[in-house]
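Below is one structure, written out as structure tokens; the observations come after it.
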Amino acid sequence: MSKSNLLMITTLGLILTIVESMRFDLQSGHTKCISEDINSSAITVGKYNAVNPNVGFPLPDTHKINVRVTSPYGNNYHHGDQVDSGNFAFTAAEAGDYTTCFTALEHKPETTVAIEFEWKTGVAAKDWSKIAKKEKVEVMEIELKKLLDTVTSIHEEMFHLRVREEEMQQLNQSTNSKMAGLSFFSIVVCLSVAGLQLWHLKSHFERKKLL
């Protein structure tokens, strides 16, 4: 295979590989949560650390955080108390939104903690350099393996989205049926009330001998 084809495969693999990396500030006593929609059986790794405001000096005690990673059903996948850095790795047991929450410890006066967080899921979570050494494969082969894994991941994501779409269609159909029943019931009630009003007026006029 030519170098141009190899470059194209590598570029395509990089485009389809998604890594969520960010840096944000957190005030003392406040919490920030980040969610990621993850398919079941997908590999997930994360790494976080509080940034030292004074380079070359020990990290102050004010820059300690509590970290918790939970599944869509509230299961705990990672928990760190009063830490300045850490990492986690797991295979998702259920599909849905996984949430990582960072809480800065209470401190007076209030301080700002800068946090760096990197979250990799699916293909991006695999350490391809270790895989290459373990399996003794060439650069071309590892790129093809990466591309194949990426395509598989996209196929699984499309299947997941299709299932979500079918669930939404069923929900819409159920809602429309309920709305139709409610509308019919409302019409029956309105007609019944109108009939009772006419009967009451007719009875009243007959008693007054107006009819």
Side-chain angles (χ1 to χ4, degrees), residues 15-16 18-44 46 48 65-81 88 90-110 112-113 115 117 119-122 124 151-211:
I15 291 173
L16 296 177
I18 300 174
V19 180
E20 187 172 358
S21 181
M22 65 191 73
R23 177 171 175 168
F24 57 89
D25 293 333
L26 192 60
Q27 298 295 324
S28 299
H30 289 72
T31 299
K32 180 179 179 63
C33 293
I34 300 165
S35 295
E36 182 74 17
D37 187 13
I38 302 175
N39 293 331
S40 61
S41 302
I43 299 173
T44 294
Y48 57 86
I65 56 177
N66 294 334
V67 184
R68 183 182 295 273
V69 182
T70 55
S71 73
Y73 297 99
N75 297 320
N76 188 27
Y77 276 80
H78 175 75
H79 189 202
D81 281 330
F88 57 84
F90 60 87
T91 299
E94 61 237 9
D97 289 332
Y98 285 74
T99 304
T100 303
C101 290
F102 300 89
T103 302
L105 301 184
E106 291 279 358
H107 188 269
K108 298 296 181 181
E110 191 175 80
T112 300
V113 182
I115 300 172
F117 180 43
W119 199 349
K120 299 179 181 180
T121 302
V151 172
T152 302
S153 176
I154 292 174
H155 179 267
E156 291 176 352
E157 182 66 23
M158 291 178 66
F159 179 77
H160 177 64
L161 292 175
R162 187 172 64 183
V163 171
R164 284 282 187 89
E165 183 181 1
E166 290 176 353
E167 291 176 351
M168 288 300 297
Q169 288 178 350
Q170 292 176 358
L171 179 61
N172 289 335
Q173 291 175 357
S174 176
T175 302
N176 291 336
S177 298
K178 290 179 180 178
M179 289 300 297
L182 181 61
S183 299
F184 178 75
F185 178 73
S186 300
I187 292 173
V188 171
V189 170
C190 290
L191 292 176
S192 300
V193 171
L196 287 173
Q197 288 178 337
L198 290 174
W199 176 81
H200 176 72
L201 289 173
K202 182 179 179 182
S203 300
H204 175 73
F205 290 146
E206 286 177 347
R207 284 196 304 269
K208 296 295 183 178
K209 296 182 180 180
L210 297 176
L211 291 178

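A quick note: this is a predicted structure, and the numbers were derived from the prediction, not measured.
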Non-hydrogen atoms of [X] and [Y] that approach each other most closely:
{"X": "V113", "Y": "A104", "value": "CG2-CB, 4.4 Å"}
{"X": "A95", "Y": "P72", "value": "O-CG, 3.7 Å"}
{"X": "I65", "Y": "F102", "value": "CD1-CD2, 4.1 Å"}

Assess the residue pair E106 and S28 against the criterion (side chain to side chain donor-acceptor pair (under 3.5 Å)); give the C-alpha distance rounded to whole Å, side-chain angles, the decisive distance to 0.1 Å, and a yes or no. CA-CA 5 Å; E106 291 279 358; S28 299; over 6 Å; no
Taking S174 for its side chain and Q170 for its backbone only, find out whether a donor-acceptor pair lies under 3.5 Å.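 The answer is no, because no donor-acceptor pair under 3.5 Å joins these two groups.
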Does any non-hydrogen side-chain atom of I34 lie less than 4.5 Å from one of M22?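 Yes, at least one pair of side-chain atoms sits under 4.5 Å.
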Note, I115 side chain near K32 side chain (heavy atom, < 4.5 Å): no
Tell me whether F24 at atom CZ has more than 12 heavy atoms from other residues, nucleotides or ligands lying less than 6.0 Å away.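 Yes, CZ of F24 has more than 12 neighbouring heavy atoms, counting only those of other groups under 6.0 Å.
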Would you call the rings of F90 and F88 parallel, tilted or perpendicular, where under 30° means parallel and over 60° means perpendicular? parallel
With rounding to the nearest 0.5 angstrom, report the [atom1] to [atom2] distance, [X] to [Y].
{"X": "S71", "Y": "I38", "atom1": "OG", "atom2": "CD1", "value": "10.0 Å"}
{"X": "I187", "Y": "S192", "atom1": "CD1", "atom2": "OG", "value": "11.5 Å"}
{"X": "R164", "Y": "D37", "atom1": "CZ", "atom2": "CG", "value": "5.0 Å"}
{"X": "Q169", "Y": "N176", "atom1": "CD", "atom2": "CG", "value": "11.5 Å"}
{"X": "S41", "Y": "E94", "atom1": "OG", "atom2": "CD", "value": "10.5 Å"}
{"X": "C101", "Y": "H79", "atom1": "SG", "atom2": "NE2", "value": "10.5 Å"}

side-chain hydrogen bond (donor to acceptor under 3.5 Å, both in side chains) pairs, two or more places apart, involving residues 96-105: T31-T103, S35-T99
